[in-house]
Amino acid sequence: MKKILAATLALALAVSLAACGNGNQSTPNTNNPGSGTSSSTPPATGTDWPTKPINLVVPWSAGGDTDFHARTLAQYLEGELGVTVNVVNTTGGGGSVASTEVKDSDPDGYTFLVFDSAIALNQASGITDFGAEAFDPVCIIGKSCGEFLVTRSDAPYNTVAELIAYTKDHPGEVIMAANTGATSYYAATKMTEQGASFNIVNSGSSSERVAALIGEQIDLSVNAYGVIGQYIETGDLKILGCMATERSETYSDIPTAVEQGVDCSYDLIYNVLAPKGTDPAIIEALCSASQRIVEENADYAEAIHTSYGELPYFMNSAEAVAFLKEESDMYMAYADIFQSAS
């Protein structure tokens with residue numbers, strides 16, 4: 001089901017670039033994603049779509065990993081579809097403001113949600129009363145090479161196991177950024193189950209958490225490598241472990257939490273969702289265009305690998321439905337714990 005290409009595919013796929021336009025980089029659009037669409041305007045159909053700009057709504061602020069994936073996809077979608085593709089950052093409520101807005105928007109084929117695994121965690125945490133099932137999944141466009149548990153370089157622990165042991169001796173001393181309804185909160189919950197004692201605070205988006213960590217406002221965060229890489233290279237931060245289900249091929253020297261004897265693993269994926277009732281032909285057209293970019297565009301592959309150490313990863317609509325259901329079931333198993341703590 002998973003179609004992962006080798007990081008070296010750039011040369012082998014160069015011949016496909018003629019079919020993949022580069023487009024222009026999207027810029028933030030703070031307008032309502034439904035703006036410019038009159039409720040009296042008939043929805044587009046698969047035969048004439050698209051005829052005007054498309055909005056990709058991102059629930060996080062600019063500069064994070066989900067925003068990066070939306071902007072990189074948007075850049076190449078413009079060449080594939082022949083229209084402007086705007087990225088709209090709509091923050092708030094742990095991602096629920098944006099997801100609710102898109103869920104309730106007209107299914108006209110011009111507003112889509114680019115989210116991540118937090119959509120399932122929003123529901124499990126009680127932030128929303130819906131998950132991916134409230135949308136028509138278009139596709140899954142990527143998988144993180146792993147989120148990494150990171151701290152400042154002078155912290156008195158060097159592994160996830162050492163961190164948990166330290167917090168047992170110093171309960172509540174370590175301040176961990178763990179946003180309710182996000183993967184960071186799941187990681188904190190799993191480690192707490194195994195005896196860790198954190199002072200958990202909400203510190204915003206991934207880029208904001210890194211700033212808080214550097215500024216010594218927090219002691220611990222979970223982030224994609226692309227957000228923390230420069231600080232690892234300078235020695236300001238250090239990685240305690242990878243929270244993914246398996247080691248990253250790109251950062252293969254970093255052991256997972258599970259390899260350290262800590263039962264905590266999850267994969268962060270990036271998805272594209274349409275309002276329920278969107279024309280299936282439009283969903284198929286956007287899915288196909290996205291698949292060509294992810295699987296055949298060497299420039300796209302280079303961009304995600306350079307910035308986030310990722311390899312191309314794609315699931316079509318049917319595959320996405322099945323995966324999102326499995327992911328939801330995993331996080332909903334912790335719904336009582338999440339909601340009692342909030």
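Excluded from the calculations below are hydrogen atoms, water molecules and symmetry mates; all remaining heavy atoms, backbone and side chain alike, are included.
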Looking only at heavy atoms, what is the nearest atom pair of [X] and [Y], with distance?
X	Y	value
Ser184	Ala177	CB-O, 3.8 Å
Val294	Pro312	O-CB, 3.3 Å
Ala196	Ile164	N-CG2, 3.9 Å
Val227	Ser207	CG1-CA, 4.1 Å
Ser99	Thr128	OG-CG2, 4.4 Å
Trp60	Ala118	CZ2-CB, 3.9 Å

Heavy-atom side-chain proximity of [X] to [Y] below 4.5 angstrom:
X	Y	result
Leu220	Val150	no
Ile269	Glu327	yes
Asn89	Arg71	yes
Arg209	Asn223	yes
Tyr157	Thr167	no
Asp267	Ser144	no
Lys190	Asp263	yes
Glu173	Phe198	no

Run the side chain to side chain contact (heavy atoms under 4.5 Å, CB included) test on Thr256 and Met243 for me, step by step, so that the C-alpha distance in whole Å, both residues' side-chain angles and the decisive distance to 0.1 Å come before the verdict.
CA-CA 6 Å; Thr256 65; Met243 312 309 282; over 6 Å; no

Nearest 0.5 Å please: distance from the [atom1] atom of [X] over to the [atom2] atom of [Y].
X	Y	atom1	atom2	answer
Ile254	Ile239	CD1	CD1	3.5 Å
Tyr231	Asp236	OH	CG	8.0 Å
Thr111	Ile54	OG1	CD1	9.5 Å
Thr192	Ile337	OG1	CD1	9.5 Å
Leu213	Ile175	CG	CD1	11.0 Å
Thr100	Asp129	OG1	CG	8.0 Å

Does Glu284 form a side-chain hydrogen bond (donor to acceptor under 3.5 Å, both in side chains) with Ser288? I'd like the steps, not just the answer.
CA-CA 6 Å; Glu284 174 58 28; Ser288 296; 2.8 Å; yes

So, is the end of the Lys143 side chain (NZ or CZ) under 6.0 Å from the ring centre of Tyr270 and within 45° of the ring's axis?
no

Has the side chain of [X] got a donor or acceptor atom that lies under 3.5 Å from a matching backbone atom of [Y]?
X	Y	value
Thr306	Glu302	yes
Ser317	Val138	yes
Asn122	Gly94	yes
Glu326	Phe323	no
Thr72	His69	no
Lys238	Asp154	no
Gln339	Ala124	yes
Thr250	Gly309	yes
Thr245	Ser265	no
Glu310	Ile304	no

Is [X] linked to [Y] within one hydrophobic cluster, defined over Ile, Leu, Val, Met, Phe, Trp and Tyr using a side-chain heavy-atom separation of less than 4.5 Å?
X	Y	result
Leu273	Val97	no
Val321	Ile140	no
Val258	Leu268	no
Tyr166	Leu149	yes
Met332	Ile127	no

Quick one: do Thr151 and Leu240 satisfy side chain to side chain contact (heavy atoms under 4.5 Å, CB included)? Show the steps, please.
CA-CA 7 Å; Thr151 187; Leu240 304 180; 3.9 Å; yes

Residue list, side-chain hydrogen bond (donor to acceptor under 3.5 Å, both in side chains) with Gln217, at least two apart or on another chain:
none

What residues, two or more places apart in sequence or in another chain, satisfy side-chain hydrogen bond (donor to acceptor under 3.5 Å, both in side chains) together with Lys325?
Asp329

Residues Asp219, Arg152; criterion salt bridge (Lys or Arg N to Asp or Glu O under 4.0 Å); working and verdict
CA-CA 7 Å; Asp219 302 306; Arg152 285 186 298 280; 2.8 Å; yes

Working for side chain to side chain contact (heavy atoms under 4.5 Å, CB included), residues Asn271 and Ile119:
CA-CA 10 Å; Asn271 49 55; Ile119 191 167; 4.3 Å; yes

Please report the C-alpha distance between Gln75 and Tyr300 in whole Å, then the side-chain angles of each, then the deciding distance to 0.1 Å, and finally whether the side-chain hydrogen bond (donor to acceptor under 3.5 Å, both in side chains) criterion is met.
CA-CA 9 Å; Gln75 175 183 352; Tyr300 177 89; over 6 Å; no

Stepwise, does the ring-ring contact (aromatic ring centres under 6.0 Å, His included) test hold for Tyr186 with Tyr334?
CA-CA 8 Å; Tyr186 178 73; Tyr334 284 83; 5.5 Å; yes

Asn199 atom CG: more than 12 heavy-atom contacts under 6.0 Å
yes

Less than 3.5 Å apart, any donor N or O on the side chain of Glu147 or Thr183 sitting next to an acceptor on the other?
yes

Assess whether side chain to side chain contact (heavy atoms under 4.5 Å, CB included) is satisfied between Val102 and Phe135, documenting all intermediate values.
CA-CA 9 Å; Val102 174; Phe135 300 83; 4.1 Å; yes

Ring pair (Phe, Tyr, Trp, His ring centres under 6.0 Å) partner of Tyr225, the single match among Phe68, Tyr251, Tyr308:
Tyr251

How are the rings of Tyr110 and Trp49 set relative to one another: parallel (under 30°), tilted (30 to 60°) or perpendicular (over 60°)?
tilted

I would like to know whether Glu133 and Lys276 meet salt bridge (Lys or Arg N to Asp or Glu O under 4.0 Å); could you show each step before the answer?
CA-CA 9 Å; Glu133 81 288 340; Lys276 186 74 80 173; over 6 Å; no

